[in-house]
Amino acid sequence: MSLKDSLRVMIVDDMGVSRGLLVQAIEEMGIWKNQAENDGKAALTKLINDPVHLVLSDYNMPGMDGLQLLQSLRQNKSTARIGFILVTGNPTPDLVSKGKALGLNNIIKKPFTTASMKQCIESVVGKL
């Protein structure tokens, strides 16, 4: 079984269109084991109960932003090693450094292409 056949991904974004674009991009890569959440807190609960290999999370969300989700995942033994890619329209140097300090694996700027998303994912999980 290839990596893309076994890779489990969770997409977290409060905007339906953005979630749809992320799902579309990873499905174009042949990653079919994916689920989506529109809220960081709901995603955290699901991930603690059923961890995935990789999280693609929007940064700017109400309630729990992407970095707060990352921090919560890193503090929990069952989710501490999940790959985490932050998706944002404005990857400022401050945001990048905060993310790295929390254990961020990669960051991608919106808008992205399927090719750039694939490259970003492969830098975290290996060749798809």
Side-chain angles (χ1 to χ4, degrees):
M1 181 181 279
S2 72
L3 177 60
K4 69 181 172 187
D5 291 332
S6 61
L7 191 66
R8 296 177 60 228
V9 179
M10 179 176 282
I11 292 163
V12 187
D13 197 311
D14 61 313
M15 302 292 289
V17 171
S18 296
R19 271 194 319 277
L21 291 170
L22 286 161
V23 169
Q24 181 181 357
I26 66 169
E27 288 183 350
E28 283 177 12
M29 292 174 223
I31 300 169
W32 299 103
K33 292 181 179 175
N34 63 74
Q35 53 188 305
E37 280 297 327
N38 63 357
D39 170 85
K41 289 179 181 170
L44 178 61
T45 301
K46 274 195 175 172
L47 289 164
I48 288 169
N49 293 319
D50 186 21
V52 297
H53 300 111
L54 180 66
V55 172
L56 302 176
S57 176
D58 183 30
Y59 167 61
N60 193 8
M61 298 183 289
M64 176 182 271
D65 70 30
L67 289 184
Q68 291 168 324
L69 174 59
L70 172 61
Q71 184 174 20
S72 297
L73 291 173
R74 292 296 182 251
Q75 291 172 345
N76 185 297
K77 189 175 181 191
S78 68
T79 60
R81 300 195 51 162
I82 292 175
F84 197 98
I85 296 173
L86 193 66
V87 184
T88 180
N90 189 20
T92 63
D94 183 50
L95 182 64
V96 172
S97 69
K98 282 180 184 171
K100 286 184 177 175
L102 292 171
L104 182 67
N105 296 99
N106 209 339
I107 192 165
I108 189 165
K109 186 179 188 314
K110 293 179 192 175
F112 54 83
T113 63
T114 298
S116 65
M117 179 58 79
K118 182 177 182 189
Q119 187 176 26
C120 182
I121 290 172
E122 286 181 339
S123 75
V124 176
V125 300
K127 190 97 174 104
L128 294 173

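One-based numbering along the sequence shown. Computation of the quantities below employed the complete heavy-atom set of this structure, encompassing side-chain atoms and omitting hydrogens, waters and symmetry-equivalent molecules.
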Exercise for review: Would you indicate whether Gln119, at its atom CD, is surrounded by more than 12 heavy atoms from other residues, nucleotides or ligands within a distance under 6.0 Å?
Suggested key: no
Study note, to complete from the structure: Shortest non-hydrogen pair, Asp13 vs Ser18, comes out as OD2-CB, 3.1 Å
Review point. Do you know which two heavy atoms are closest between Leu67 and Leu102, and how far apart they sit?
Key: O-CD1, 3.7 Å
Practice item. Report whether Ile107 and Val125 are members of the same hydrophobic cluster (ILVMFWY, side-chain heavy atoms less than 4.5 Å apart, transitive linking). Key: no
Point to revise | Approximate separation, where rounding is to 0.5 Å, of Asn34 CG and Ile26 CD1 | key: 4.0 Å
Review point. Is a salt bridge present between Lys46 and Asp39, judged by a nitrogen-to-oxygen distance below 4.0 Å?
Key: no
Revision key, fill the gap. d(Ile31 CD1, Ile121 CD1) to nearest 0.5 Å is 4.5 Å
Exercise for review: Indicate, with yes or no, if Tyr59 and Val55 share a hydrophobic cluster defined by side-chain heavy-atom contacts under 4.5 Å among Ile, Leu, Val, Met, Phe, Trp and Tyr.
Suggested key: yes
**Study point:** Heavy-atom pair of closest approach, residues Ala43 and Leu69
**Key:** CB-CD2, 4.5 Å
Point to revise | Distance-minimising heavy-atom pair for Gln68 and Gly63 | key: OE1-O, 3.8 Å
Practice item. Using modelled atom types only, decide if a donor and an acceptor are shared between the side chain of Glu122 and the backbone of Leu128 within a distance under 3.5 Å. Key: yes
Study note, to complete from the structure: Scanning both residues in full, the closest heavy-atom pair of Thr79 with Leu73 reads OG1-O, 2.7 Å
Check your understanding: Taking atom OG1 of Thr114 and atom CG of Leu21, what is their separation to the nearest 0.5 Å?
Key -> 9.0 Å
Point to revise | Co-membership, hydrophobic cluster, residues Ile82 and Met64, 4.5 Å side-chain | key: yes
Practice item. Determine, for Asp5 against Lys33, whether the closest basic-nitrogen to carboxylate-oxygen distance falls under 4.0 angstrom. Key: no
**Study point:** Residue pair Phe84, Val124: steps toward the side chain to side chain contact (heavy atoms under 4.5 Å, CB included) verdict
**Key:** CA-CA 8 Å; Phe84 197 98; Val124 176; over 6 Å; no
Review point. When rounded to the nearest 0.5 angstrom, what is the spacing between NZ in Lys110 and CG in Asn60?
Key: 8.0 Å
Point to revise | Test log, rule side chain to side chain contact (heavy atoms under 4.5 Å, CB included), inputs Met61 and Val12 | key: CA-CA 9 Å; Met61 298 183 289; Val12 187; 3.8 Å; yes
Practice item. Evaluate the criterion side chain to side chain contact (heavy atoms under 4.5 Å, CB included) for residue pair Met10 and Leu47; output intermediate values, then yes/no. Key: CA-CA 8 Å; Met10 179 176 282; Leu47 289 164; 3.8 Å; yes
Review point. Checking Arg81 side chain against Arg74 main chain: does a donor-acceptor pair fall under 3.5 Å?
Key: no
Review point. Hey, mind stepping through Asp94 and Lys98 against salt bridge (charged side-chain N to carboxylate O under 4.0 Å, His left out) and telling me if it holds?
Key: CA-CA 6 Å; Asp94 183 50; Lys98 282 180 184 171; 3.3 Å; yes
Practice item. Answer yes if Leu3 and Met29 sit in the same cluster of Ile, Leu, Val, Met, Phe, Trp and Tyr residues linked by side chain heavy atoms under 4.5 Å apart, and no otherwise. Key: yes
Exercise for review: Would you check if the side chain of Arg8 reaches a backbone N or O of His53 as a donor-acceptor pair within less than 3.5 Å?
Suggested key: no
Point to revise | Full working for side chain to side chain contact (heavy atoms under 4.5 Å, CB included) between Glu37 and Leu44 | key: CA-CA 10 Å; Glu37 280 297 327; Leu44 178 61; over 6 Å; no
Revision key, fill the gap. CG (Leu86) and OG (Ser57) are apart, to the nearest 0.5 Å, by 6.0 Å
Exercise for review: Would you kindly say whether Ser78 and Asn76 are connected by a side-chain donor-acceptor distance under 3.5 Å?
Suggested key: yes
Check your understanding: If you measure from the Lys or Arg side-chain nitrogens to the Asp or Glu carboxylate oxygens, is any gap between Arg19 and Asp14 under 4.0 Å?
Key -> no
Review point. Between Gly30 and Trp32, what is the shortest heavy-atom contact and its length?
Key: O-CD1, 3.2 Å
**Study point:** Co-membership, hydrophobic cluster, residues Leu95 and Val87, 4.5 Å side-chain
**Key:** no
